[in-house]
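Reading through the structure tokens given below for one structure.
Read the numbers this way: they start at 1 and go in the same order the structure lists the ligands and their atoms. Only this structure's heavy atoms are used, side chains among them; waters, hydrogens and symmetry mates stay out.
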Amino acid sequence: MSDIRVRLAPSPTGFLHLGVARTALYNWLTARAAGGSFVLRIEDTDRQRSTDEFLQAILEDMRWLGLQWDEGPEVGGSYGPYLQSERGTNYAGYIERLLASGAAYRCFCSPEELEERRGAHSSTEAAAWKYDRKCESLSTEESIALAREGRSFAVRFRVPGGRTAFDDVVQGRVEFDNSEFDDLVIARSDGTPTYNFAVVVDDIEMRINYVIRGSDHITNTPRQIMLWRALGQEPPEFAHMPLILAQDGLVLSKRRGAVAIGEYRRRGYLPEAIVNYIALLGWAASDGGEILSPDELTTEFELSKISRTASTFDPDKLAWMNVQWVKKLDVADRTDRLLPILREEGLVGDEISGDERAWLERVVNVIDDRLKTLRDILEFDWFFLATDVDYDSIAVNKVLAKPGAGDILAGLHKELSAVSDFTPESLELTIRSFADGMGLSAGKVIQPLRVAVTGGTASPGMFETLSLLGREKVLQRIEKAGEFAD
Ligand code: GLU
């Protein structure tokens with residue numbers, strides 16, 4: 001293992017959506033490619049908005065995408081706990097260190113006082129109001145004395161003068177004038193650390209040396225770099241991912257327009273397709289290849305090749321990619337992945353016999369490329385598995401209610417009862433000669449038969465379909481459809 005240590009630090013205040021999944025993937029690929037470690041840390045200190053349901057969903061979606069973490073919840077590791085809410089005691093020592101070195105100071109201004117001073121400014125100035133450093137000039141003795149009196153205080157970081165710059169792996173040189181920042185609160189009056197401080201302490205303790213995250217964090221980075229330095233540590237490398245835009249050109253975010261990964265799973269998308277698609281949201285393979293497996297991505301991926309410009313989320317492209325991935329699955333794999341959906345719908349039992357499995361694989365084979373998503377099996381091909389056909393009223397009116405359809409179905413019923421073996425070949429011979437006998441084209445005979453046994457006007461090849469359904473079901477369905485026929 002190399003010493004590259006990256007981390008994903010999601011807050012369980014919502015489901016895993018595309019943007020965070022992409023950050024997760026880029027972290028995972030960076031660790032895999034370098035033989036380093038991928039840490040999952042859960043930033044759940046916002047107790048009001050964090051829930052266990054979101055946490056479990058994030059873990060499940062990460063696993064489903066195949067982005068297994070080397071350290072983190074459930075798997076443990078040497079630098080745990082990996083839930084920020086369980087790391088409470090770790091922060092106090094760091095706060096003491098910053099107070100002792102003078103890099104931080106106690107601020108006794110109450111929220112009401114701060115509000116009053118902010119309010120004294122015009123509305124535009126108030127929005128940009130920065131802490132006026134009233135408590136910065138307190139001597140250490142005064143500050144300690146006030147704290148001993150029991151006065152409530154927050155701890156603020158004393159932002160040094162000058163500039164803070166860093167070489168972002170994606171964005172290039174990024175520079176900020178420190179005067180843009182106010183002396184940020186690092187510990188609230190109840191002693192709890194604020195976001196920027198907790199992240200730095202956790203990243204230090206977890207030995208993180210590469211921070212890969214969304215560019216929405218870029219203004220936090222100079223603050224965090226200042227904190228790293230004040231704690232006597234070398235800051236990590238930073239790589240800020242470009243934004244993802246929705247098709248209307250606005251930023252796709254957790255709160256706006258982002259579709260949750262779990263939703264795609266429920267819609268029958270394949271994890272390979274999602275991973276493949278999000279990998280290309282801001283990055284391209286050197287040969288421009290579009291269909292890449294996780295292994296190929298690991299070999300090809302380079303963080304420094306990520307584009308700085310925002311990319312646009314295109315659901316149609318994702319749907320197309322899913323089709324490519326469904327096509328790539330062999331029959332056994334496709335069947336494995338369809339089984340949970342079929343079970344959920346009660347179309348197959350929990351345990352299936354070898355014969356049932358073989359039959360299901362034949363069905364999957366016949367369906368061939370009709371599946372754009374795994375759930376399409378319920379849309380188009382559920383009739384293979386359902387006990388009763390659900391007749392589409394348009395198909396019934398257009399085909400079964402036509403004059404002559406009843407005679408065709410009655411004739412077919414007779415022929416198919418008598419056909420000796422129910423193989424596609426003998427069914428084809430029987431049906432074609434029946435059509436000849438009636439002076440009709442095969443298509444004219446097959447159309448009402450198709451509606452009778454599948455409920456609709458589109459299905460895989462009729463002879464294979466009949467053979468797979470078996471004589472009993474086919475005859476029952478023809479009888480049932482006879483009720484609609486003229
Ligand atoms: N918890 C932060 C978020 O969900 C991530 C912090 C980070 O990556 O540094 O946006």
Ring centres of F176 and F181 under 6.0 Å apart? yes

Does R7 have a heavy atom less than 4.0 Å from any atom of ligand 1? yes

Contacting atoms of ligand 1, where contact means under 4.0 angstrom from a heavy atom of R213: 7 (C), 8 (O), 9 (O)

Will you find, in the side chains of E142 and S139, an N or O donor that is under 3.5 Å from an N or O acceptor? yes

Within ligand 1, which atoms have a heavy atom of Y195 less than 4.0 Å away? 6 (C), 7 (C), 9 (O)

Could you check whether D216 pairs with R213 (Lys NZ or Arg NE/NH1/NH2 to Asp/Glu carboxylate O, under 4.0 Å)? no

Which pair of non-hydrogen atoms, one from F313 and one from Q247, has the smallest distance, and what is that distance? O-CG, 3.2 Å

Out of all atoms in ligand 1, which are within 4.0 Å of some heavy atom of S11? Include the element for each. 1 (N), 4 (O)

In terms of atom number and element, which parts of ligand 1 are under 4.0 angstrom from non-hydrogen atoms of E43? 1 (N), 2 (C), 5 (C), 6 (C)

I need the atoms of ligand 1 closer than 4.0 Å to a non-hydrogen atom of A9, numbered in the order shown. 1 (N), 2 (C), 3 (C), 4 (O), 5 (C)

Cation-pi geometry met for R156 and Y131 (6.0 Å, 45°): yes

